[in-house]
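First the structure, in the form of structure tokens, and then the observations on it.
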Amino acid sequence: MLSPGHATGADERHGTAERDTRARVARLILEHGPITASALGERVGLTAAAIRRHLDALLAEGMIEVRRARPQARRGRGRPAKWFAITDAGRSAFVHAYDDLATAALRFLAEKNGDRAVAEFARRQIADLERRYHPFVQAAPPQQRVRRLAEALSGDGYAAAAAEAPRPGGGEQLCQHHCPVAHVAAEFPQLCEAETEAFSRLLGTPVQRLATIAHGDGICTTHVSPRSLCEGAAAPPVRRPQDAPPPAADAGSRSPDVNPNSDEESGRTSL
């Protein structure tokens, strides 16, 4: 006969297994939904009763919702199959879980190796995406490259757009309406700095970050200087924060130099 202690341990292990399976079901719905219960059961290897139990729990938690059957699914007689999709709350739960893990990892990296290691990590993270964007952006005429970059970013879920800059001096604005790692970038602005440096290299002209979602703004806004400023000369190198000149006496005014890292508190993501 099992002691109460053994029973408690078994219950805890069972509860952990249930939560792990439920999280797997939710992830499958996030990645492949809308999806039917039968399709989920086949992927996870659960009986119809077991998958229904997990779906009912996720519905009660507001993690998923029922969608109407797709037209092509309505074949033959009988009740149409239900399709399950992730809700905004369910999607946010996954995003915050990833954010917490990424933030913890970067904190550990900073504690062990310092802020320079975090900056190097951010640059390495963005390097592959920058290489992927480069041929697409460079294939366009210079005057269309900001729009090309916006298209590339939108393809990766950043909901980006390009427009003429409303400020004197000309140029364009690159606006990103979504940032998948805004919560992480709020604590580690090196992610924003690496992205801004990449924008400058991709466009071949100085850029300046004006607003960021991670810093509390509604969108991430980047001013792109007119290419005419760089005609006849190579674009100036992007300076890192430690290379920037000391601020002017009037702390309330911005330096006229276009520097992608001028606001170290700007938060924004890697690409």
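Both backbone and side-chain heavy atoms feed into the values below; hydrogens, waters and symmetry mates do not.
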Is Arg148 reaching over with its side chain to a backbone N or O of Phe136, donor-acceptor style, under 3.5 angstrom?
yes

When rounded to the nearest 0.5 Å, the distance separating CD1 of Ile51 from CZ of Arg43 is 11.5 Å

Within the structure provided, determine whether Ile35 and Leu28 are in side-chain contact (heavy-atom separation under 4.5 Å).
no

Should the heavy atoms of other residues, nucleotides or ligands under 6.0 Å from CD of Gln143 be counted, would the total exceed 12?
yes

Quick one: are Leu153 and Leu174 in side-chain contact, heavy atoms under 4.5 Å?
yes

In terms of side-chain heavy atoms, does Asp128 have a donor or acceptor partner in Tyr133 at a distance below 3.5 Å?
no

Tell me the closest heavy-atom pair linking Ala214 and Ala186, and the distance in Å.
O-CB, 3.5 Å

Passes side chain to side chain contact (heavy atoms under 4.5 Å, CB included), His134 versus Leu202? Steps please.
CA-CA 6 Å; His134 185 269; Leu202 285 166; 4.0 Å; yes

So do the side chains of Leu149 and Val224 get within less than 4.5 Å of each other, counting heavy atoms only?
no

Working to the nearest 0.5 angstrom, can you tell me the gap between His215 NE2 and Leu210 CG?
13.0 Å

As a quick check of understanding, evaluate side chain to side chain contact (heavy atoms under 4.5 Å, CB included) for Gln176 and Thr221, giving each step before the final call.
CA-CA 7 Å; Gln176 296 156 267; Thr221 306; over 6 Å; no

For Ser154 and Ala160, indicate whether the former's side chain and the latter's backbone hold a donor-acceptor pair under 3.5 Å.
yes

Take Val146 and Val137 through the test side chain to side chain contact (heavy atoms under 4.5 Å, CB included) and record every step on the way to the result.
CA-CA 8 Å; Val146 179; Val137 173; over 6 Å; no

Sidechain-backbone polar pair: Arg147 side chain, Ala162 backbone, donor-acceptor under 3.5 Å
yes

Would you compute the distance between atom CZ of Arg131 and atom CD1 of Ile126 and round it to the nearest 0.5 angstrom?
11.5 Å

Would Arg22 and Asp56 pass as an ion pair if we require N to O under 4.0 Å?
no

Interatomic distance, CG@Leu109 vs CD@Gln190, rounded to 0.5 Å, equals 9.5 Å

Between Arg209 and Glu193, does any side-chain N to carboxylate O distance fall below 4.0 Å?
no

Applying a strict under-4.5 Å side-chain criterion to I, L, V, M, F, W and Y, I'd like to know whether Val207 and Ile219 cluster together.
no

Separation between CG (Leu46) and OG (Ser38), nearest 0.5 Å, reads 12.5 Å

To the nearest 0.5 Å, atom NE2 of His54 lies from atom OG1 of Thr21 at 5.0 Å

Kindly confirm or rule out a cation-pi arrangement of Arg67 over Phe84, judged by NZ or CZ under 6.0 Å from the six-membered ring centre and within 45° of its axis?
no

Any heavy-atom pair between the side chains of Phe188 and Thr103 that's under 4.5 Å?
yes

Contact check, side chains of Arg201 and Glu130, non-hydrogen atoms, under 4.5 Å
yes

Applying the 4.5 Å side-chain criterion to the ILVMFWY set and letting contacts propagate, would Leu101 and Leu30 be lumped into a single cluster?
no

Looking at every non-hydrogen atom in both residues, tell me the closest pair between Gly170 and Ala165 and how far apart they are.
O-CB, 3.8 Å

Carboxylate-amine/guanidinium proximity below 4.0 Å for Glu120 and Arg124
yes

Is the backbone of Thr205 close enough, under 3.5 Å, to the side chain of Ser200 for a donor and an acceptor to pair up by distance?
yes

Please step through side chain to side chain contact (heavy atoms under 4.5 Å, CB included) for the pair Arg24 and Val44, ending with a clear verdict.
CA-CA 8 Å; Arg24 186 182 175 194; Val44 185; 4.0 Å; yes

For Gly218 against Ile213, the heavy-atom pair lying closest together
O-CG1, 3.7 Å

Checking side chain to side chain contact (heavy atoms under 4.5 Å, CB included) against Glu65, which of Ile29, Leu58, Thr87, Ile86 comes through?
Thr87

